[in-house]
Amino acid sequence: MSNYVQRFLLENLDIRGAIVRLDSVWTAMLTGRDYPQPVTRLLGEMSAVTLLMGENLKQTGRLTIQLNGNGPVSMLVIDCTDTLHIRGMAKHAENIAAQPVSELLGHGQLLITLDMPSMRECYQSIVPLDGNNIAEIFEHYFRQSEQLPSRLFLITTDTAIFGLLLQKLPNADLQDPDGWARAETLAATVHDHALFDLTAEEILTRLFYQETIRIFDAQTIQYGCKEDPAKIYAMLRSLGREEVDSILKEFGEVVVNDDICNREYRLDAIAVDAVFREAGSTIH
C-alpha cells in the first residue's frame with residue numbers, strides 16, 4: 001500500500017507520531033495542473049500535513065486547510081474527509097522563481113475549517129502565517145492549538161510525498177528527560193528518497209532502532225475528486241433561469257470551472273433547458 005497514513009507511539013518516551021506516504025494519489029492531484037516546481041513543493045507539503053491532521057477525525061466530516069498570502073503563491077487549499085479522500089489546488093502568479101517560502105507566500109493567514117454533521121456550525125481557526133517553511137507554520141499552529149511540542153519532516157517530489165509527524169505528550173519528560181531531543185535528532189536524519197520504497201515499519205525501525213515502537217493499522221488515502229454534475233446543476237438553479245439564459249445568449253454556452261478538482265463543465269442551450277425542466281418536475 002503506497003498511499004497511506006500510519007500512526008505510531010514511541011512507548012518508552014511517551015511520544016506519538018504518524019507517517020504519511022503518497023504516490024498515485026499525488027500524481028492524480030497534479031494531473032493537468034502544470035504547477036511550477038516551487039508551487040508543487042508547497043502543495044505537496046501542505047497535503048502531507050492535512051492528511052496527518054485529518055487522520056485524527058473520529059466522526060464523519062471534512063477538514064479544510066487554506067493558506068492565503070500576498071506573495072506570488074496567493075492561495076493553497078487542501079481538504080480531506082474522515083475517510084482520507086483528499087483534493088487540493090493552488091493559485092499563483094505566472095512566473096515564479098525559487099525563493100524562500102516566506103517570500104512565496106508573503107504576509108497572510110492560515111485558515112483551518114472543520115465541518116461535521118454532528119456540529120451546529122463548523123469550527124474555524126484563523127492564525128497569521130508564522131514560520132520560514134510549511135513545517136514551521138504548522139509546528140507553530142500545533143503549539144498554539146494543541147499545546148503540544150511538535151515536529152514535522154516533509155519531503156515532496158513530482159511523483160511522491162513523504163511526511164513524518166512527532167508530538168511530545170505531557171508525560172514525556174517524566175519518562176525520559178532526553179527522549180524528545182533524541183527523537184527529534186533521529187527523525188531529522190530522514191533523507192529525500194532513501195525511505196520512499198520502505199514500509200512504515202521499516203522506516204520507523206531504522207529511525208528509532210533503540211526505542212520500543214507500537215505501530216497502528218494504516219489508513220488508505222484516495223483522491224477525492226469525482227465528477228459531480230449534480231453540484232453544478234444546483235449552482236445554476238440557484239442563479240436562476242434568467243441569469244443563466246443571459247450567459248447563454250452572450251457566450252453560446254455556460255462554462256463552469258471546478259478549480260479544486262481541475263474539471264470543466266460545459267452546457268449548451270439543450271443541457272441548460274434540461275437542468276431547469278428537471279428542477280420544475282421535482283418541485284411539482
Applying the 4.5 Å side-chain criterion to the ILVMFWY set and letting contacts propagate, would [X] and [Y] be lumped into a single cluster?
X: Val77; Y: Val127; result: yes
X: Leu110; Y: Ile126; result: no
X: Ile232; Y: Leu239; result: yes
X: Met75; Y: Ile112; result: yes
X: Leu9; Y: Ile215; result: no

Side chain to side chain donor-acceptor pair (under 3.5 Å) between Thr220 and Asn3, worked out: CA-CA 6 Å; Thr220 304; Asn3 299 281; over 6 Å; no
With side chains defined as the heavy atoms from C-beta onward, is the minimum distance between [X] and [Y] less than 4.5 Å?
X: Leu42; Y: Val73; result: yes
X: Trp180; Y: Leu13; result: no
X: Met53; Y: Leu63; result: yes
X: Ile65; Y: Met46; result: yes
X: Ile19; Y: Tyr4; result: yes
X: Leu166; Y: Phe8; result: yes
X: Arg143; Y: Gln147; result: no
X: Met29; Y: Ile86; result: yes

Heavy-atom pair of closest approach, residues [X] and [Y]:
X: Thr40; Y: Thr157; result: CG2-O, 4.5 Å
X: Val5; Y: Ala18; result: CG1-CB, 4.4 Å
X: Ile15; Y: Ala183; result: CD1-CB, 3.8 Å
X: Ala271; Y: Leu267; result: CB-CB, 3.9 Å
X: Pro170; Y: Leu148; result: CD-CD2, 4.2 Å
X: Ala48; Y: Leu154; result: CB-CD2, 4.0 Å

Gln37 and Ile96: CA distance, side-chain angles, deciding distance, side chain to side chain contact (heavy atoms under 4.5 Å, CB included) verdict: CA-CA 9 Å; Gln37 196 279 331; Ile96 296 183; over 6 Å; no
Side-chain hydrophobic cluster, 4.5 Å single linkage: members besides Leu174: none
Measure the [atom1]-[atom2] distance between [X] and [Y] for me, rounded to the nearest 0.5 Å.
X: Arg7; Y: Asn56; atom1: CZ; atom2: CG; result: 7.0 Å
X: Ser74; Y: Leu104; atom1: OG; atom2: CG; result: 11.5 Å
X: Asp158; Y: Arg41; atom1: CG; atom2: CZ; result: 12.0 Å
X: Ser102; Y: Glu136; atom1: OG; atom2: CD; result: 9.5 Å
X: Leu76; Y: Met89; atom1: CG; atom2: CE; result: 9.0 Å

Using modelled atom types only, decide if a donor and an acceptor are shared between the side chain of [X] and the backbone of [Y] within a distance under 3.5 Å.
X: Asp130; Y: Ile137; value: no
X: Glu139; Y: Leu152; value: yes
X: Trp26; Y: Thr156; value: no
X: Ser238; Y: Met235; value: yes
X: Thr31; Y: Thr27; value: yes
X: Arg237; Y: Val275; value: yes
X: Glu202; Y: Leu198; value: no
X: Asp82; Y: Gly61; value: yes

Step-by-step side chain to side chain contact (heavy atoms under 4.5 Å, CB included) determination, Ile78 to Leu43: CA-CA 8 Å; Ile78 303 287; Leu43 193 69; 3.7 Å; yes
Steps toward side chain to side chain contact (heavy atoms under 4.5 Å, CB included) verdict (Phe162, Leu22): CA-CA 7 Å; Phe162 175 83; Leu22 285 179; over 6 Å; no
Other residues, nucleotides, ligands: >12 heavy atoms within 6.0 Å of Glu201 CD: no
Atom CG of Asn70 with >12 non-hydrogen neighbours under 6.0 angstrom: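 Counting other residues, nucleotides and ligands, CG of Asn70 exceeds 12 neighbours.
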Val256 and Leu236: CA distance, side-chain angles, deciding distance, side chain to side chain contact (heavy atoms under 4.5 Å, CB included) verdict: CA-CA 9 Å; Val256 181; Leu236 293 176; 4.3 Å; yes
Ring geometry between Phe138 and Phe142 (parallel below 30°, tilted from 30 to 60°, perpendicular above 60°): tilted
Set of residues satisfying side-chain contact (heavy atoms from CB on, under 4.5 Å) with respect to Ile247, sequence neighbours excluded: Glu243, Phe251, Val254
In plain terms, say whether [X] and [Y] are close enough for a salt bridge, that is, a side-chain N and a carboxylate O under 4.0 Å apart.
X: Arg62; Y: Asp115; value: no
X: Lys168; Y: Asp173; value: yes
X: Asp23; Y: Arg21; value: yes

Working for side chain to side chain donor-acceptor pair (under 3.5 Å), residues Thr212 and Asn12: CA-CA 6 Å; Thr212 302; Asn12 293 345; 3.0 Å; yes
Those residues that, when tested against Asp245, pass side chain to side chain donor-acceptor pair (under 3.5 Å) (two or more places apart):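 For Asp245 the side chain to side chain donor-acceptor pair (under 3.5 Å) partners, ignoring immediate neighbours, are Arg241.
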For Gln167, side chain to side chain donor-acceptor pair (under 3.5 Å) partners two or more places apart: Arg16, Glu146, Ser150
Ring pair (Phe, Tyr, Trp, His ring centres under 6.0 Å) pairs, two or more places apart, involving residues 34-92: Tyr35-His92
Any pair counted as ring pair (Phe, Tyr, Trp, His ring centres under 6.0 Å), so long as it reaches residues 201-221, sequence neighbours left out: none
Donor + acceptor pair across side chains of Gln219, Gln6 (<3.5 Å): no
Pair Gln124, Thr113: side-chain N/O donor-acceptor within cut-off below 3.5 Å: yes
Asp176/Arg182 under salt bridge (charged side-chain N to carboxylate O under 4.0 Å, His left out): CA gap, chis, key distance, verdict: CA-CA 10 Å; Asp176 185 335; Arg182 187 166 69 252; 2.9 Å; yes
